[in-house]
Amino acid sequence: MSNLISCSDYMLPDLLCYEEDAESLSLELDDNGNDGNETQYSFPCDIEESIARFIEEEGDYVPVFGYRSKFESQALDSFAREESIEWILKVYTFFRFQPLTAYLAINYMDRFLASRCFPQANGWPLKLLSVACLSLAAKMEEPFVPSLLDLQVYGVTNSKFIFEHQTIRRMELMVLGTLDWRLRSITPFTFIDFFAHKLDSTGTLINYLVSRATQIILHIIREVSFLEYYASTIAVAAIVRAANDIPLLSSSTLVHNPGKAEEWCHGLNKESIISCYDLMEDVVTEIKQRSSRLTSKILPQLRITTQPIGSSDSSSSSSSSASSSRKRRKLNNLLWVDDIDYEDKDKL
């Protein structure tokens, strides 16, 4: 049963937050590239200057120097961070948030953990931080933001902790103060459409490029190793790696020499692009291998366990079906109990 966490359980210090005007990003680009409008990629004439300026400023929106070394020294638990990211991505998928929303939530969490000495940076304090960061990111990017209770329980199984509204609000204020209210971060999605157009100047395959690159970014974001790369470098590497999965673009010289993407814009670094691309290639290859092994294990089991209609085991199948039906009814009863207000569960 989930535990209800209140403010009294977690005494946060007094918050003396000051609000600064968040730096606005003048470039408005689609995050997933699925719109399909022809005018979507009609960039203004000064777009390269804007992209170059974002590259200059992106260092202000990353965790402070030395954050990754905290995981290497085990001062922070990389597994706990990965669990938090998995939770954020599950909720992002369930509510069909924009990819940018998920990325921002993880960015807020990393920047907070890098800047503050957080008590017990795993367990329920980290879960509270994850909820607060996702809530803030959703408010920044989503037209519809679920309630804080819905955000915590829908689409996620085995939720150990449920936090009160005021507890999450106080955590949000702490995050805002730590980030100096700078929530409009520069992310790979700031650059991804522009770089996709650089690789495919015809614009015919940009939607596919952006969509595939977005999938790659949301996969590699779990890896601590990518914390050393800036958003622009990740965007370039993801676009080039995505081209490798599109037959009409896989023969591009960039796929075999990603360092040439340095020419796309002033401020990009050839060595960083190559290093990030190689690491990304390793991660994507590992994911494909895991998927292939899982498929090879599942398919033989399906062939063995599947029974033809009217076989001699039909009676046992009927018995098994009845047993499954009883189990489903029992599970539905349990799920109904979980839907009751948490304060009333003790009365059952």
Side-chain angles (χ1 to χ4, degrees), residues 25-27 29-34 38 40-62 68 99-100 103 185-221 223 225-289:
L25 304 184
S26 59
L27 181 63
L29 299 177
D30 181 73
D31 293 329
N32 51 31
N34 292 326
E38 294 182 0
Q40 180 180 349
Y41 302 105
S42 299
F43 299 114
C45 58
D46 62 344
I47 182 64
E48 295 205 12
E49 295 179 7
S50 298
I51 293 294
R53 187 177 74 251
F54 293 148
I55 292 175
E56 289 179 1
E57 298 174 355
E58 62 184 339
D60 296 334
Y61 299 92
V62 298
R68 181 189 171 189
L100 177 58
Y103 195 97
S185 301
I186 297 176
T187 75
F189 301 108
T190 305
F191 308 97
I192 197 169
D193 285 5
F194 175 75
F195 291 155
H197 190 270
K198 283 290 185 179
L199 196 147
D200 177 28
S201 58
T202 65
T204 56
L205 297 172
I206 287 183
N207 286 346
Y208 298 103
L209 265 176
V210 172
S211 178
R212 178 60 182 146
T214 296
Q215 292 176 354
I216 293 172
I217 290 170
L218 293 182
H219 270 109
I220 62 97
I221 199 173
E223 302 290 333
S225 302
F226 285 95
L227 289 170
E228 67 177 86
Y229 299 107
Y230 282 173
S232 59
T233 302
I234 293 175
V236 170
I239 284 293
V240 177
R241 180 57 188 79
N244 195 34
D245 295 331
I246 300 175
L248 292 177
L249 297 175
S250 59
S251 60
S252 169
T253 56
L254 278 168
V255 174
H256 306 287
N257 187 10
K260 289 182 64 64
E262 179 190 27
E263 302 170 359
W264 285 354
C265 188
H266 177 73
L268 295 175
N269 181 274
K270 179 178 180 179
E271 288 73 22
S272 293
I273 292 172
I274 295 174
S275 174
C276 184
Y277 178 86
D278 290 342
L279 180 59
M280 195 173 289
E281 177 66 29
D282 292 341
V283 173
V284 172
T285 301
E286 183 181 351
I287 291 172
K288 287 184 176 180
Q289 290 174 347

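Side chains included, hydrogens not; waters and symmetry mates left out as well; all remaining heavy atoms used.
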Show, in sequence, the C-alpha distance, side-chain angles and deciding distance for Asp282 and Glu286, and conclude whether the side-chain contact (heavy atoms from CB on, under 4.5 Å) test is met. CA-CA 6 Å; Asp282 292 341; Glu286 183 181 351; over 6 Å; no

Pair Ile287, His219 - check side-chain contact (heavy atoms from CB on, under 4.5 Å), show working. CA-CA 9 Å; Ile287 291 172; His219 270 109; 3.7 Å; yes

Begin with the C-alpha distance, continue with both residues' side-chain angles, and end with the deciding distance and a verdict on side-chain contact (heavy atoms from CB on, under 4.5 Å) for Tyr208 and Arg212. CA-CA 6 Å; Tyr208 298 103; Arg212 178 60 182 146; over 6 Å; no

From CA spacing to verdict: side-chain contact (heavy atoms from CB on, under 4.5 Å), Phe226, Ile221: CA-CA 7 Å; Phe226 285 95; Ile221 199 173; over 6 Å; no

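Residues Ser272 and Tyr230 have side chains that never bring a donor and an acceptor to within less than 3.5 angstrom of each other. In this structure, a donor-acceptor pair under 3.5 Å is absent between the side chains of Ser275 and Glu271.
Atom CD1 in Ile47 sits 4.5 Å away from atom CD1 in Ile51 (nearest 0.5 Å). Summarising the geometry, atom CE belonging to Met280 is positioned 9.5 Å from atom CZ belonging to Arg241; distances are rounded to the nearest 0.5 Å. From Asp200, atom CG reaches atom CD1 of Ile246 across 8.5 Å, with rounding to the nearest 0.5 Å. Here the CD1 atom belonging to Ile234 is positioned 9.5 Å from the CD atom belonging to Glu228, to the nearest 0.5 angstrom. Residue Leu100 holds its CG atom at 10.0 Å from CG of Leu218, rounded to the nearest 0.5 Å. Annotation: the span from Asp245 atom CG to Gln215 atom CD amounts to 9.0 Å, rounded to 0.5 Å.
Counting heavy atoms from C-beta on, the side chains of Val236 and Pro258 never come closer than 4.5 Å.
For the pair Ser185 and Thr190, the tightest heavy-atom approach, listed with the atom from each and the gap, is O-OG1, 4.3 Å. Across all their heavy atoms, Pro188 and Ile217 have their closest contact at CB-CD1, 3.8 Å. Smallest separation of non-hydrogen atoms from His266 and Ile55: O-CD1, 3.7 Å. Between Ile273 and Ala261, the closest heavy-atom pair is CD1-C, 4.2 Å. Smallest separation of non-hydrogen atoms from Cys276 and Ala237: SG-CB, 3.8 Å. Between Ile216 and Ala238, the shortest heavy-atom distance links the atoms CD1-O, 4.1 Å.
With sequence neighbours excluded, no residue forms a salt bridge (Lys or Arg N to Asp or Glu O under 4.0 Å) with Glu56. In this structure, the side-chain contact (heavy atoms from CB on, under 4.5 Å) partners of Ala243, at least two apart in sequence or on a different chain, are Leu199, Leu209, Leu249, Val255.
Not one N or O on the side chain of Thr233 forms a donor-acceptor pair closer than 3.5 Å with the backbone of Tyr229. Looking only at distances, no side-chain donor or acceptor of Glu48 sits under 3.5 Å from a matching main-chain atom of Cys265.
Classified by interplanar angle (parallel below 30°, tilted 30° to 60°, perpendicular above 60°), the ring pair Phe195/Phe191 is parallel.
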